[in-house]
Peer 1: 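Please find one structure pasted underneath; my questions will follow.
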There are 2 protein chains.
Amino acid sequence: MTQEPPPVPSGRVGYLLARAGGRAIRNLNRALEPYGLRSRHYTVLSASAEHGGLSQRELGLVLGVDPSAVVALVDDLQREGLVRRDPHPEDRRTRLVVVTDEGARTLAETRKLARGVDDELLADLDAAEKRTLEELLLRLR
Amino acid sequence: MTQEPPPVPSGRVGYLLARAGGRAIRNLNRALEPYGLRSRHYTVLSASAEHGGLSQRELGLVLGVDPSAVVALVDDLQREGLVRRDPHPEDRRTRLVVVTDEGARTLAETRKLARGVDDELLADLDAAEKRTLEELLLRLR
DNA sequence: TATTGTTATACTCTATAACTATA
DNA sequence: TATAGTTATAGAGTATAACAATA
C-alpha cells in the first residue's frame with residue numbers, strides 16, 4: 001500500500017485510530033531507516049532512557065509489548081551498542097536495560113525524527129487542538 | 001502570570017494513536033471471531049455496502065489496503081457468500097464487489113459489534129468529547 | 001503502453017507455548 | 001510454585017515484483 005486517500009467508510013473512531021496510528025508507524029519506520037532501527041526500537045530506547053534502568057519485563061508492561069518481543073528488540077539495540085543489560089543488584093534473574101552514551105546520542109537524534117513525523121501528522125491542527133487530541137487519546141481505555 | 005500550557009511532547013501522539021488503534025483492531029478481531037472474520041473483512045464489507053459496487057482497485061484506494069490484499073479479503077468474503085464479484089459493464093478487466101443479501105445481514109450484525117468496541121474504547125469520554133476526537137482524527141494527514 | 005486483477009514471496013508484527021535459571 | 005528471560009514457532013499484516021487479460 002502506498003496510496004493515501006481521504007474518504008472514509010463510516011467515520012468510526014477505532015478505524016480512524018488504526019489508520020492514523022499505522023501511518024505514524026510507517027512514517028517513523030521510514031525516517032529511522034538510516035539508523036537501521038524500527039519504531040519499536042525507538043520506543044524501547046526512549047522508555048529505557050526516560051525511566052532509567054527498567055527490567056525487560058517492566059519495559060514490556062510499559063510499552064504493551066510481549067516479553068519475547070522485548071528480548072529481540074533489546075538484542076538488536078545491544079548489538080548496535082545503544083543499550084547494555086546490567087545485572088539486577090538483588091535478583092539474578094532480572095536484567096536492567098540501560099542506555100549507553102552512544103544510545104543517548106542516537107536517542108537525541110532520532111527523537112527529532114519522531115517529532116518531525118508527529119509534526120507532519122498534526123500539521124493542520126493548531127497548538128490547542130494538538131493538546132486536546134493528546135489529552136483525549138490519553139483517556140481512551 | 002499565565003500558566004504556560006504543557007507543551008505537547010512531540011513524537012508522542014503518533015505513539016498514542018498506534019497503541020489505541022492496535023487495541024481497537026484487536027478488540028474488534030476478538031468480537032468478530034464467532035463470524036470467522038477479521039477487522040479487515042469488516043471494513044471491506046462495510047465499504048462495499050456503503051459505496052455499492054466498488055471495483056477491487058477502488059476498495060484498496062478507499063481503505064488504504066494493497067490490491068493484492070484486497071484479492072485475499074474478497075476471496076474470503078466470497079467463499080462465505082457475503083459478497084459477489086460482478087463483471088463491470090464496460091471494462092472486462094474490472095470486477096465489482098457487491099454485497100449479497102446474506103452479506104447485508106452479516107454486516108448489520110457485525111456493525112453492532114464494531115459500535116460496541118468503539119463504545120468501550122470511548123467509555124470515559126462524554127458525547128461532546130467523542131465528537132471532538134473524531135473531528136480531530138479526520139483532520140490528521 | 002498502461003491498468004486490473006492475480007499469484008508468489010518476503011519481511012515485520014503479534015501471540016503462544018515451552019524451556020532455563022533463579023526466587 | 002512462581003517469575004524473568006529466552007527460544008521456537010505460527011499466524012496475521014504489509015509491501016513488492018511479476019504475470020495474464022484487457023484497455
Side-chain angles (χ1 to χ4, degrees), chain A residues 1-4 15 18-19 21-30 32-33 36-44 48 53-79 83-98, chain B residues 15 18-19 21-30 32-33 36-44 48 53-79 83-98:
Chain A
M1 198 267 290
T2 29
Q3 204 83 5
E4 208 57 52
Y15 172 78
R19 277 202 72 166
R23 221 174 315 152
I25 286 186
R26 280 191 300 276
N27 290 346
L28 183 54
N29 281 340
R30 205 172 317 139
L32 289 173
E33 232 170 67
L37 300 175
R38 314 275 303 170
S39 56
R40 312 175 77 235
H41 296 114
Y42 172 76
T43 61
V44 167
S48 300
L54 292 180
S55 71
Q56 297 187 187
R57 179 191 135 275
E58 288 167 328
L59 270 174
L61 286 176
V62 166
L63 299 175
V65 174
D66 194 83
S68 64
V70 174
V71 171
L73 292 167
V74 173
D75 279 351
D76 295 339
L77 292 171
Q78 189 175 34
R79 196 181 313 115
V83 301
R84 294 193 314 270
R85 283 194 244 231
D86 283 357
H88 189 287
E90 292 162 12
D91 187 337
R92 285 195 295 172
R93 293 174 303 183
T94 302
R95 317 180 71 177
L96 302 179
V97 178
V98 178
Chain B
Y15 171 79
R19 278 201 70 165
R23 221 174 314 153
I25 287 188
R26 279 191 301 275
N27 290 346
L28 183 54
N29 281 340
R30 205 172 318 140
L32 289 173
E33 232 170 65
L37 301 175
R38 314 272 306 170
S39 56
R40 314 176 74 235
H41 296 112
Y42 172 76
T43 62
V44 168
S48 300
L54 292 180
S55 72
Q56 298 187 182
R57 178 192 135 277
E58 289 168 327
L59 269 175
L61 285 177
V62 167
L63 299 176
V65 174
D66 194 82
S68 64
V70 174
V71 172
L73 292 166
V74 174
D75 279 351
D76 295 338
L77 292 171
Q78 190 175 34
R79 196 179 314 116
V83 303
R84 294 193 314 269
R85 282 193 243 232
D86 283 358
H88 188 287
E90 293 162 11
D91 187 337
R92 285 194 296 170
R93 294 172 304 180
T94 302
R95 318 180 69 177
L96 302 178
V97 178
V98 178

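Below, read A as the first sequence line, B as the second, and so on, with proteins coming before strands; counting in each chain starts at 1.
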Peer 1: I want to confirm an ordering. Mapping S39(B) and T94(A) to their closest nucleotides on DNA chain D, which one lands closer to the 5' end?
Peer 2: T94(A)
Peer 1: From CD1 of I25(B) over to P of dT14(D), roughly how many Å is that when rounded to an integer?
Peer 2: 7 Å
Peer 1: Report the distance from atom CZ of R57(A) to atom P of dT6(D), rounded to the nearest whole Å.
Peer 2: 14 Å
Peer 1: Nearest whole Å is fine: how far is dT4(C) C1' from R85(B) CZ?
Peer 2: 12 Å
Peer 1: Can you tell me how far P of dG5(D) sits from CG of L73(A), to the nearest Å?
Peer 2: 14 Å
Peer 1: Can you measure N29(A) atom CG to dT14(D) atom P for me and round it to whole angstrom units?
Peer 2: 12 Å
Peer 1: Taking only residues two or more places apart in sequence or in another chain, which ones pass side chain to side chain contact (heavy atoms under 4.5 Å, CB included) with L54(A)?
Peer 2: H51(A), E58(A), L59(A), V62(A)
Peer 1: Using the rule given for side-chain contact (heavy atoms from CB on, under 4.5 Å), can you reason through V65(A) versus R40(A), listing the C-alpha separation, both sets of side-chain angles and the distance that settles it, and then say yes or no?
Peer 2: CA-CA 9 Å; V65(A) 174; R40(A) 312 175 77 235; 3.4 Å; yes
Peer 1: Between P on dC13(C) and NE2 on H41(A), what's the gap in Å once rounded to a whole number?
Peer 2: 8 Å
Peer 1: With R19(B), which residues qualify under side chain to side chain donor-acceptor pair (under 3.5 Å), at least two apart?
Peer 2: Y15(B)
Peer 1: Under the rule for side chain to side chain contact (heavy atoms under 4.5 Å, CB included), what residues qualify as partners of T94(B), not counting sequence neighbours?
Peer 2: S55(B), H88(B), D91(B), L96(B)
Peer 1: Would you kindly give the CG-to-P distance between D75(A) and dA8(D), to the nearest whole Å?
Peer 2: 12 Å
Peer 1: For H88(A) and dT3(D), what is the distance between atoms NE2 and P respectively, to the nearest whole Å?
Peer 2: 16 Å
Peer 1: Could you list the residues that satisfy side chain to side chain contact (heavy atoms under 4.5 Å, CB included) with R92(B), not counting sequence neighbours?
Peer 2: none
Peer 1: Counting side-chain heavy atoms from C-beta on, which of dT6(D), dT4(C), dT7(C) comes nearest to V71(A)?
Peer 2: dT6(D)
Peer 1: When you check every protein heavy atom under 4.0 Å of nucleotides 14-23 of chain C, what one-letter string (B, S, -) results, 5' to 3'?
Peer 2: SBB----BBS
Peer 1: Show which side-chain atoms of residues 71-79 of chain A pair as donor or acceptor with protein atoms under 3.5 Å away, not counting sequence neighbours.
Peer 2:
| unit_1 | atom_1 | unit_2 | atom_2 | d |
| --- | --- | --- | --- | --- |
| D75(A) | OD1 | R85(A) | NH2 | 2.1 |
| D76(A) | OD1 | R79(A) | NH1 | 3.3 |
| D76(A) | OD1 | R79(A) | NH2 | 3.3 |
| D76(A) | OD2 | H41(A) | NE2 | 2.9 |
| Q78(A) | OE1 | R85(A) | NE | 3.2 |
| Q78(A) | OE1 | R85(A) | NH2 | 3.4 |

